[in-house]
Amino acid sequence: MENISKFTADRLAKLRRMREKGIDPYGGAFPKSYDAGPLVDSYSEDQEGESVAVAGRLMAVRSHGKSTFADLHDWTGKVQVHFSQKRVGDELYEVVGLLDLGDIVGVEGKVGKTRTGEVTVFAESLTVLSKAVHPLPEKYHGLRDIELRSRHRSLDLIANRESMEQALQRSEIIAGLRGFLSEQGFIEVETPMMQAIPGGAAARPFITHHNALDIDLYLRISPELYLKRLLCGGMERVFEINRNFRNEGVSNKHNPEFTMLEVYEAYGDYESMMRLVEEMVATVARDVMGRLEFTFGEHEIDLTPPWPRRRFSDILEEYADVELFDGADLRRRATELGVDDADEQHHLALIDEVFKRTVELEIIHPTFITHQPAELAPLCRRSPEDPRLSERFEVLVAGFELANAYTELNDPAVQREEFVRQLERRDEGTVGRLDEEFLLEMEHGMPPAGGLGLGVDRLLMILLEKTSLRDVILFPLMRPDNSDVESAASSG
RNA sequence: GGGGGCAUAGCUCAGUUGGAAGAGCAACGGCCUUUUAAGCCGUAGGUCGGAGGUUCGAGCCCUCCUGCCCUCACCA
């Protein structure tokens, strides 16, 4: 305890004085009759004098001697409370003097308006529910430091009202996705996060170990293969909203764990998925945010369906002036764009590279890019009109990939060939093993299906108008702050 | 991993050419029964991210380290 601040010492002294008065500074259950926001917003004159109970955190105190006003914040908003020495009595009014900003209290009293017209609870009793022994960030500017806001999200939520609102909106948006899919006859399922073979994508996995079975397991990079097993098992419309884990870089569009929505519809295809995704996104945007137009950085984005559909080869030609299957042309353009060793790279890598450097960042309005080269998508059915292409689309918006969907490959023999081909050219760090169990199930028959993966955090970036993924994830990955841990350990 | 930037009181921020570390809010003491970022009087609060170096003298210049931000690379 040798390291405590003057602020903490003062607050601990007040805490002791409360105890001396027989008051537990960490009270128990306190049934509220109103949340602050609704009480204030829906107040009507005929409520005047009604006994109410409110609770929350003290965010401002304006004391005038024998009368004290305070702002009580909860997650719905704030309500002013008023303590008068005459009304609450000398004993309790002394306790008011022992309160600090940040303390959590319950107040019972009669609701009414002050002479300036502010809805106020005129306290008759006060219950201390939690004494804060550290000071809060400043009341006016809030907490600005982006590092502190991410590391100490609770302080961010307390001090910055908009952070709380965005966290609540995130929940509403995800509930909206669930509601939309449920209404369309999809059911939510949960599939393994820990997988013996990390499949469904080509990414470096996190590795862990199960002691009792003595086996290594991988945190999933995708739920795809398990969801398809459910299709094999006869579940016709399934979705999962859950975390994927990829052991890769961190950026304002990437977090090592991120929330993915995957949807599978038996007897559908990539076209049915196009209709589903544009309608789903527009519905949620309208229902939760009340609009379809959003500002993203310096761009305006309109989510109104239908979204334009462009073939990969066409858009590559338009933006990059490259013929998709002309290898020499591709190498020429890649070299122009500054790709290293363009002559030695596989043409698929070059396609990817040229696409990212010329097209991806340019597509701001939500756009379906369809018919990518088949080899980029080993789980996708090939296009009957041109087997070099796949029945696939990606949704590009605001310069990044929002969603990816296939007509799912359901021919087990072709699937096996694709897996083998993928293993041959897999990147270092990825796990290369044939998922025989998955293939066996497909060999028993998998219905044709449309499948969709949508990055939920990225959708939230657009709907909440945040250009950094960290701003829509409550606890983004941060390097541990050791100085903090040490001081916490020594003072605790 | 490369390049650039930031780090000053609990919080939000100033700090000039290298010459005595500041303000607002918060805190503490006092006055005050209708305030709204309450007000007035007074007080206290600092390892200037860390470690070295240059200098008579470093918050400021140099080197290294740590964390974060931006950007490039990586990343279906």
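Throughout, a chain's letter reflects where its sequence line sits, starting with A, and its residues are numbered from 1. None of these values were measured; they are calculated from a predicted model.
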If the sugar-phosphate is the primed atoms plus P, OP1 and OP2 and the base is the rest, what is the B/S/- string for nucleotides 69-76 of chain B, using protein heavy atoms under 4.0 Å? SSS-SSBB

Between Phe7(A) and G10(B), do the rings stack, that is, sit under 5.5 Å apart with planes less than 30° off each other?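 Here the ring of Phe7(A) and the base of G10(B) are not stacked, as the 5.5 Å and 30° limits are not both satisfied.
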
For [N], the Watson-Crick or wobble counterpart (both distances under 3.5 Å):
N      : result
U63(B) : A51(B)
C68(B) : G5(B)
G39(B) : C31(B)
A26(B) : none
G18(B) : none

Using a cut-off of 4.0 Å on non-hydrogen atoms, how would the nucleic acid contact of [X] be classed: base, sugar-phosphate, or nothing?
X         : result
Leu148(A) : sugar-phosphate
Thr8(A)   : nothing
Lys86(A)  : base
Gln80(A)  : base

Would you call [X] and [Y] a salt bridge, using N to O less than 4.0 angstrom?
X         : Y         : result
Glu401(A) : Lys253(A) : no
Asp71(A)  : Arg62(A)  : yes
Arg220(A) : Glu240(A) : yes
Lys110(A) : Glu124(A) : yes
Asp100(A) : Lys131(A) : yes
Lys356(A) : Asp352(A) : yes

Same-atom distance ([atom1]) from [N] to [M], integer angstrom:
N      : M      : atom1 : value
G5(B)  : C74(B) : P     : 24 Å
G15(B) : G52(B) : C1'   : 25 Å
C25(B) : A44(B) : C1'   : 16 Å
U71(B) : U35(B) : P     : 48 Å
G57(B) : G67(B) : P     : 32 Å
U12(B) : U55(B) : P     : 37 Å
G30(B) : A37(B) : C1'   : 22 Å
G24(B) : C68(B) : C1'   : 25 Å

Rounding to a whole Å, what distance do you find between [X]:[atom1] and [N]:[atom2]?
X         : N      : atom1 : atom2 : value
Arg62(A)  : A26(B) : CZ    : C1'   : 15 Å
Asp103(A) : A26(B) : CG    : P     : 15 Å
Asp90(A)  : U33(B) : CG    : P     : 13 Å
Leu143(A) : C25(B) : CG    : C1'   : 14 Å
Lys6(A)   : G46(B) : NZ    : C1'   : 14 Å
Glu138(A) : A27(B) : CD    : P     : 11 Å
Arg11(A)  : A26(B) : CZ    : P     : 12 Å
Lys78(A)  : U36(B) : NZ    : P     : 12 Å

From Leu402(A) CG over to Thr367(A) OG1, what is the distance, rounded to the nearest 0.5 angstrom?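 With rounding to 0.5 Å, CG (Leu402(A)) is 11.5 Å from OG1 (Thr367(A)).
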
Once rounded to the nearest 0.5 Å, what's the spacing between atom CD of Glu271(A) and atom OG1 of Thr407(A)? 7.5 Å

On RNA chain B, compare the nucleotides closest to Phe69(A) and Asp145(A); which residue's is nearer the 5' end? Asp145(A)

Please compare Gly65(A) and Pro135(A) by the position of their nearest nucleotide in RNA chain B and report the one closer to 5'.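 The answer here is Pro135(A).
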
Stepwise salt bridge (Lys or Arg N to Asp or Glu O under 4.0 Å) test for Lys14(A) and Asp10(A): CA-CA 6 Å; Lys14(A) 291 180 185 173; Asp10(A) 287 342; over 6 Å; no

Pair Glu418(A), Arg382(A) - check salt bridge (Lys or Arg N to Asp or Glu O under 4.0 Å), show working. CA-CA 11 Å; Glu418(A) 294 285 354; Arg382(A) 288 179 182 239; 2.9 Å; yes

Does Thr68(A) get its side chain close enough to the base of U35(B), under 3.5 Å, for a donor-acceptor pair?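 In this structure, the two groups form no donor-acceptor pair.
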
Examine the base of U36(B) for any acceptor or donor lying under 3.5 Å from a partner atom in the side chain of Glu118(A), and report the outcome as yes or no.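 Looking at the base of U36(B), it does pair with a donor or acceptor on the side chain of Glu118(A) (distance under 3.5 Å).
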
Reckon [X] has a side-chain N or O less than 4.0 Å from the OP1 or OP2 of [N]?
X         : N      : result
Lys139(A) : A26(B) : yes
Lys14(A)  : C28(B) : yes
Arg115(A) : U34(B) : no

U33(B), U12(B), U34(B): which one has an atom nearest the side-chain heavy atoms of Arg144(A)?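 The nucleotide sitting nearest to the side chain is U12(B).
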
